[in-house]
Each structure stands twice: as C-alpha cells, then as structure tokens.
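To start, the structure under review is shown below, and the notes come after it.
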Amino acid sequence: QLASLSSQHIVDYRKEHLGKNMSISYREPIKMVRGNGVHLLDDAGRRYLDTVNNVAHVGHEHPRVVRAGQRQMAVLNTNTRYLHDNIVKFVEAMLETMPPPLNVAFIVNSGSEANELGMRLARNYTGQKDMIVSEVGYHGNTGGCIEISSYKFDGAGGKGAAPHVHVVPIPDVYRGLYRAGDPHVASHYAGHVKQAIANMQAQGRNPAAFIFESVISCGGQVELPENFLKQAYQHVREAGGVCLADEVQTGCGRAGDHFWAFQQHDVVPDIVTIGKPIGNGHPLAVVVTTQAIADAFKNGMEYFNTFGGNPVSCAIGLEVLKVIKDEGLQQNAKLVGNYLKAGLRDLMDRFPIVGDVRGPGLFIGFELVKDRDTKAPATEQASYFANRMRDKGILMSTDGPFNNVLKIKPPLVFSSSNADFLLDAIAAVLREDVMHVQ
Ligand code: PMP
C-alpha cells in the first residue's frame, strides 16, 4: 500500500505545524505504513525487525487485540457512569496478576496520567508533598510528572529539581556511585533514600512517595541491585511515605521471571502504575493501589475520567492480558531473553567496545564504551551503530544519560530465530572499523 504524502512533505509539515520539540528517529526518517508481529513495513515495502517497541507488547496489530477493539467499537463506547461488563472483566483480570493488598484499580489513558494520579493518591493519603525520585528517572510528560523526572529537569531545557523533589543517585552497579563487587552496594544506595528523608525531616516535612521503576529504562536499562528496593521501601515506610512502582515499561510479563518487575525484588508497592504494553498501542493505562489508599481518596470530590475505562479500552486491555497468557509470552520473554543475553555476552567477550550486557527477560541493554577501564561512553559509536542496524533492517535505539546504551525491548512474540538474526547483524556491525576502540 503506497501512501500519498511524500516523506519530505511530512517532515516539512511537522516542522511548521506540529509541536516544535518533537523528534524524528534516524538521520533519514522512515515512513511506516504497516505493523505485523515483530515487524514494521515502510512505504517502500521494506520490512524491519522491531527491537525497541515495548508498546506493541503482544506484537504489532495482533489479530485478537484488533478484533476485540473493532468489535466493541462497533457496538458501544461510552464513559464509566453506565454499567458495563468490560470494565469489571478487565479489572478482574488485571488484579489477578497483583499480589495482595493491591486490589483497587483506576483506569486512565497514558503512563503520564497514571503517574500523575499515583502522585495524587500518595499525597492525599500521606498529607505530604515531597517525592523521592531516581537520578535520570522518567515518569511522564505532564507538569507534575516532569517535576519528578530527573531525566528531563536535569537535562537540556530543564530547570533542576523543585524544592519538594529529592533525587537519589541512580543505583547503577556498572558505572554508578557504588559498583558491583561491593557487598554493601544495596545499602549504600538505599542510604541515599534515608538521607533524602532526613533532609526533608530537617525542614519539618516527610515523604509523600518514593517513585521508582523496577528496571530504570531511560537511565539506560539499569537493573537495581538486589535488596535495594526492599531497604528503600523500609526507609520510606518508616517515615510514613508510600512506595510507587512505575511499571509502565517493565510490566506485563516482559521481565520474564515475574509478571511485574517489582516482584523480582520481593517487595509489594502501595501503588503500581501500568501503561504502554497494556493497550498494545491503544491509549490505556492503569493505577493499582490498596483499599486504604483508595478509601482515603474518596474524600467527597468525584474522580471522573472521560475516556478512562471505556468499554473499547477495557475490551482491548482484557484481550492483551489473555493473549499474554494464551501465548505463554512471559515464558517466551524469559527464554528468548536469556538466549539473547547469552549471545550478547559472547559478543562482549569478542568486542571490547561492549562494556556491559544487562536486563531481565526481554528488557535488555548493552552499553558501548571506548575503554573498559575508564568506561568512557562510546556515544558516537552507539549512534552510528543504531543507524547501521537500520540499514540492515533492524530498528534499535540508544538511551541512558550518555546515549551509549543500545536497548532491546521488542514485542514479546520475539522468537529465537529473530534473536539469531539480530545477533548476526550486531556482530557484523561490531566488526566494522568505526567500532574498534581499543
Ligand atoms: N513512565 C515511564 C517509565 C515511561 O517510560 C513513560 C514513557 N516513556 C511514562 C511513564 C509516560 O508514559 P506516557 O508516554 O504513556 O504518558
């Protein structure tokens, strides 16, 4: 199917008439016209293996999800003030995945909206305003979310942390403040959470919430050290704060061993926010919390959300959860993820530019460095790498504070033969002269 507008026309139009600070992927932009499973097709009919899309969770345009949405769209779509089966069926299926006492849901339309509501719930419950956040964390695009996103307020165009926002060092055991090999790495990092609490208490305040991803995405696919979350949660709870797990990127089986990545750390948050994957591309997000926090929020002011929880969104969300189960996608994330990581570690042994390989399930990052001892980020090589992969028909992108981490978070239908194809292409690009750093 050839679309009618030229790529140049679209680029020019966007520059003039769309938000001026929206970016476009790749030096030569791609015009996508179709998605199918782990692949996207461009307007010239070229097929790309998509390794960066954790939104098309069960695969691009999954037929069952498409059908569920289409069928409900043709019958009824309205707000939650009427009774409907779909909202109950979806929430039941969602809550089944959660450990107790997480058993109340709010349905919203985006990850940002989920975190915004999560923050309101926390602040309402605790009567406090202060937030503890990770360095280079990202939680969304609303005013409130930007305030808790160091990735933004500490980055270009940012204005630094607001007085009620306390940034703790990213618990990155590869290049962070405390590193692998230190037996107290978790308590050192958690000690900064304790310190942040002491700082606010010195000013007569206590935390409303500690918000953290269970694997830090924009910060460069950073796995938290074992016991860090456990200790951090304890410090926060001792001070009366609540713990919010942002599972927008990491949730719904992607982490492999567990349905939610926080479960890997043997903690139970007070609030969980879920976004991207749950709608498989449809704008759908969820906040799950406890009866106590939800009860406190029922303070006389109605919570209304025009689109949140409508029958179409709920039909889609329910179908996504069913497909994950029916197709064994959590198990696939674990198996293919481990296979891919083993292949990447093999490449790390052969190519000094690969400094680290990490991440659970199909939420992987590998970091490019100019020198393994200094860990100087190979930022230009990472950008070159992503563009070369595109030449080879593979979509891949960079992240992390130095943009030197290649991330792999494909639709969970990613197979071991997709992994072989990817590993061959990675090896081929690593062999190129530009990638020889030592
Ligand atoms: N939390 C995390 C961890 C995210 O990565 C994002 C989006 N990249 C959001 C929240 C915000 O989600 P959305 O873009 O759907 O508003």
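Numbering of ligands and ligand atoms starts at 1, following listing order.
- Judged by the 6.0 Å and 45° rule, Arg123 forms no cation-pi pair with Tyr125.
- For the pair Arg179 and Tyr174, the cation-pi test (distance below 6.0 Å, angle within 45°) is failed.
- Ion pairing between Asp356 and Arg175 fails under the 4.0 Å rule for side-chain N and carboxylate O.
- Annotation: cation-pi pair Lys152/Tyr138 present, NZ/CZ under 6.0 Å from the ring centroid and within 45° of its normal.
- Side chain of Asn418 to backbone of Ser415: a donor-acceptor contact under 3.5 angstrom is found.
- Relative orientation of the Tyr178 and His188 rings is tilted, given thresholds of 30° and 60° on the angle between their planes.
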Where does ligand 1 get N/O contacts under 3.5 Å from the protein, atom by atom?
residue, atom, partner, partner atom, Å
ligand 1, 1 (N), Asp246, OD1, 3.4
ligand 1, 1 (N), Asp246, OD2, 2.8
ligand 1, 5 (O), Gln249, NE2, 2.7
ligand 1, 8 (N), Lys276, NZ, 2.9
ligand 1, 12 (O), Ser112, N, 3.4
ligand 1, 15 (O), Gly111, N, 2.9
ligand 1, 16 (O), Gly111, N, 3.4
ligand 1, 16 (O), Ser112, N, 2.8
ligand 1, 16 (O), Ser112, OG, 2.4

